[in-house]
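For reference, the structure is listed below as structure tokens.
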Amino acid sequence: MNTVKLLHIVCQALFILLVAAIVFASCRPQDQKIVDDDQSTERVVVGYVTSWSERMPDPNLVTHLNYAFGHVTGDFDSVCIDNPERLQSIVALKEANPHLKVLLSVGGWGSGNFSEMAADDAHRLSFARNCQKAVDTYSLDGIDIDWEYPTSSAAGISSSPDDTKNFTLLMHDLRQTIGTECLLTFADYADTTYVDYQSVLPYIDFINLMTYDMDDPPYHHSALFRSEIAGSLCVSEAIDHHLEVGIPLSKLVMGMPFYGRPSKDYKGQRSFGKLSTDGLYTERWDSIALVTYLVDEQGKMVLAHENATSIIHKCRYILTKGLRGAMYWDCDDDDDSYTLSRTVWNLLVEE
């Protein structure tokens with residue numbers, strides 16, 4: 001082969017490589033930090049802890065604590081934090097457990113201003129920078145967004161048909177601002193109505209799925225499987241719906257309620273730690289839905305709730321399904337012995 005022909009072949013090969021490189025570069029977003037799906041996917045136990053409680057969670061029974069709540073301010077530019085002294089005390093729990101991650105959860109039912117903030121480039125970037133400031137000020141490990149829900153005004157907040165698209169932009173800007181060292185998560189409704197998951201997934205570490213409050217008595221609000229009184233949606237169906245839209249198992253965290261959902265006739269405490277039948281109610285077990293509930297003298301359900309047995313079944317489901325872990329609302333609803341918290345921890349982490 002003569003030198004001229006060899007040079008011609010080499011030039012052709014270099015040209016092909018150059019074109020391929022240009023095409024590859026043009027297909028990749030130039031400004032986004034992608035969360036690496038190959039990064040550590042150790043099982044998580046996420047407990048929400050509230051600003052209005054004085055009780056402290058056990059830092060050795062969770063991997064993450066989500067502090068509820070921060071809120072989008074009325075000028076749509078920043079975040080305000082409920083009871084910041086309480087947040088500082090929660091962060092201080094990392095002294096007892098250096099591996100503990102503490103996130104600020106922004107939002108909650110009835111917490112608004114998301115729609116306006118996310119719709120405006122300047123507001124969105126300012127909000128993201130303010131979240132970063134909160135991370136730095138309080139030595140946090142990340143941000144959890146609890147917008148309930150994009151495109152919905154059911155909680156009495158403003159909404160827009162563009163909220164779903166703008167939610168993606170918000171998560172993009174948050175990831176760009178807080179970087180990949182900080183965690184970015186969000187709380188999601190039990191069905192797949194409000195979020196464009198494929199657009200959001202590159203920016204988040206995992207999703208906290210609120211598989212509770214899915215119905216009211218006389219139906220369960222967090223039935224694991226479908227029974228005659230499982231309500232409009234059950235936990236396993238919600239998980240399947242999210243898997244069907246392409247959410248990987250490594251990013252799906254299943255929610256559990258440490259409280260009961262009452263009927264208007266129920267007279268008593270809702271939290272597991274303060275639950276008492278007081279001779280008025282009888283506890284029953286749904287062997288299909290794998291949850292417990294209270295009935296009155298007429299046999300009518302007055303409280304759909306959880307106990308250690310139902311939590312065990314939900315943990316076993318997480319293990320069998322291969323989900324990322326469990327989340328619960330909230331730490332304060334457990335009893336003084338941390339019965340439910342300890343059950344989750346022992347089954348998902350200690351085993």
Side-chain angles (χ1 to χ4, degrees), residues 47-48 50 52-53 55 68-69 107-111 146 148-149 152-157 187-191 193-194 208-239 241 254-314 317 326-336 339-341 343-344:
Y48 276 86
T50 64
W52 54 87
S53 173
R55 186 180 176 198
F69 286 108
W109 185 256
S111 182
D146 191 6
E148 301 183 21
Y149 302 99
S152 172
S153 293
I157 63 174
D188 191 27
Y189 188 57
D191 70 20
T193 303
Y194 304 111
N208 295 307
L209 186 57
M210 293 185 283
T211 36
Y212 41 74
D213 291 342
M214 294 185 285
D215 223 306
D216 294 295
Y219 300 102
H220 300 301
H221 79 111
S222 189
L224 182 54
F225 298 111
R226 175 151 300 283
S227 71
E228 291 183 355
I229 53 174
S232 57
L233 193 63
C234 66
V235 174
S236 59
E237 292 168 349
I239 296 295
H241 291 333
M254 192 181 89
M256 305 177 184
F258 281 11
Y259 62 90
R261 193 163 179 89
S263 73
K264 59 182 178 56
D265 299 319
Y266 178 67
K267 308 279 191 292
Q269 297 288 337
R270 297 176 56 196
S271 66
F272 170 78
K274 298 178 181 177
L275 195 66
S276 174
T277 60
D278 292 328
L280 298 174
Y281 310 111
T282 302
E283 186 173 77
R284 290 186 179 174
W285 174 254
D286 187 329
S287 60
I288 299 175
L290 300 181
V291 284
T292 189
Y293 60 106
L294 298 183
V295 298
D296 61 16
E297 293 178 349
Q298 287 74 44
K300 180 181 178 182
M301 183 195 295
V302 294
L303 185 75
H305 74 102
E306 305 287 326
N307 61 12
T309 302
S310 66
I311 294 296
I312 287 171
H313 282 290
K314 286 181 173 175
Y317 177 87
M327 170 273 286
Y328 48 81
W329 181 279
D330 70 272
C331 295
D332 193 43
D333 284 327
D334 207 349
D335 62 15
D336 291 339
T339 297
L340 300 187
S341 305
T343 298
V344 174

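Residues that satisfy the salt bridge (Lys or Arg N to Asp or Glu O under 4.0 Å) test with K274, not counting sequence neighbours, are absent from this structure. For D286, the side chain to side chain donor-acceptor pair (under 3.5 Å) partners two or more places apart in sequence, or in a different chain, are H220, S227.
For the pair Y266/L294, a side-chain contact is recorded, criterion being any heavy-atom separation below 4.5 Å from C-beta on.
Look at R270 and D333 and you find no salt bridge, because none of the NZ, NE, NH1 or NH2 atoms lies under 4.0 Å from a carboxylate O.
Here the CZ-CG distance, from R55 to D330, works out to 9.5 Å after rounding to the nearest 0.5 Å. Here the CG atom belonging to D265 is positioned 12.0 Å from the CG atom belonging to L280, to the nearest 0.5 angstrom. Interatomic distance, CD of E237 versus OG1 of T211, reported as 12.0 Å (0.5 Å rounding).
Residues F69 and W329 bring their aromatic ring centres within 6.0 Å. Residues Y259 and H221 bring their aromatic ring centres within 6.0 Å. When ring centroids are compared, Y48 and Y328 stay outside the 6.0 Å threshold.
In summary, of the residues considered (V235, L290, V291), a side-chain contact (heavy atoms from CB on, under 4.5 Å) with F225 occurs for L290 alone.
Judged by distance alone, with hydrogens and angles left aside, the side-chain atoms of T339 form no donor-acceptor pair with the main-chain N or O of D335 at under 3.5 Å.
Counted within 6.0 Å of OH on Y219, heavy atoms from surrounding residues, nucleotides or ligands total 12 or fewer; the atom is thus considered open.
Side-chain N/O atoms of K314 and S222 include a donor and acceptor closer than 3.5 Å.
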